[in-house]
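Okay, structure first, notes after.
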Amino acid sequence: MTVTQDGTGVEGLRELAERAGRELEDADALDILRWAADTFGSRFCVTSSMEDAVVAHLASRVLPGVDVVFLDTGYHFPETIGTRDAVEAVMDVNVITLTPRQTVAEQDAEYGPKLHDRDPDLCCALRKVKPLEEGLEGYRAWATGLRRDESPTRAGTPVVGWDEKRRKVKIAPIARWSQQDVEAYVAEHGVLTNPLLMDGYASVGCAPCTRRVLEGEDARSGRWSGRSKTECGLHG
Ligand code: SF4
């Protein structure tokens, strides 16, 4: 079934997502992505934080030239931008870089410096949530690299679900994968990864809000460390 621009409405999309979530729960990541490519075609994209290119790589196998959306918050580590550039150069994907309406300097002028320290929710809203909302407007479905084992807040992630906030189908093809599954896929296919993963970081976000993790900590404990905040609002 192909969803056309003037075809399935929001209610139909929601039902489609919920049904696919049940039917594809035990499916391979590639089969989940094949379903997404067949169903949504060019109105499907992958979002990537450039921590690694696993989902982009998987998606490019079923939809060569697939759109890979990257949010350049202006606060990324140079290694993250380098990973984005490498993905763009060597993979069969179409990297689309989204940027916030304001540069960091413009945001500092309006809200004061280091908004990330004083009000990280507002900073994320301005630099991540809003640009992604606008960037996803033309799509009906988006895929992410969310995994259930990353943190308690992600334990219930469906492989296909309904993103009520954006009214789109949200796909997590590797939701059931473990860290070992990711590492095995990276090794088998020579997938690009962010060099910071070899330097003590388990989850890579904006530089001011990311630290290395300690042994025994979950992968996302290095994000907004010392705060109750665990998600940026993209997945909540
Ligand atoms: S992760 Fe930190 S620096 Fe990045 S947008 Fe959120 S609060 Fe701002």
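All ligand and atom numbering here is 1-based and tracks the order in the structure.
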Are Glu150 and Thr157 side-chain neighbours, meaning at least one heavy-atom pair lies under 4.5 Å? no
Ligand-side contact atoms (ligand 1) for residue partner Pro120, heavy atom cut-off under 4.0 Å: 7 (S)
Numbered atoms and elements of ligand 1 in range of Lys128, under 4.0 angstrom, heavy atoms: 1 (S)
Does Arg140 use its side chain to pair, donor to acceptor, with the backbone of Arg43 at less than 3.5 Å? no
Using a strict 4.0 Å cut-off to heavy atoms of Cys124, name the atoms of ligand 1 that fall inside it. 1 (S), 5 (S), 6 (Fe), 7 (S)
Without swapping roles, check the side chain of Glu79 against the backbone of Asn194 for a donor-acceptor pair under 3.5 Å. no
For Arg176 and Val159, indicate whether the former's side chain and the latter's backbone hold a donor-acceptor pair under 3.5 Å. no
More than 12 heavy atoms from other groups under 6.0 Å of CZ on Arg101: no
Checking only N/O/S atoms, does Cys209 have one that is under 2.8 Å from atom 2 (Fe) of ligand 1? yes
Backbone or side chain, does Cys206 get an N/O/S atom under 2.8 Å to atom 4 (Fe) of ligand 1? yes
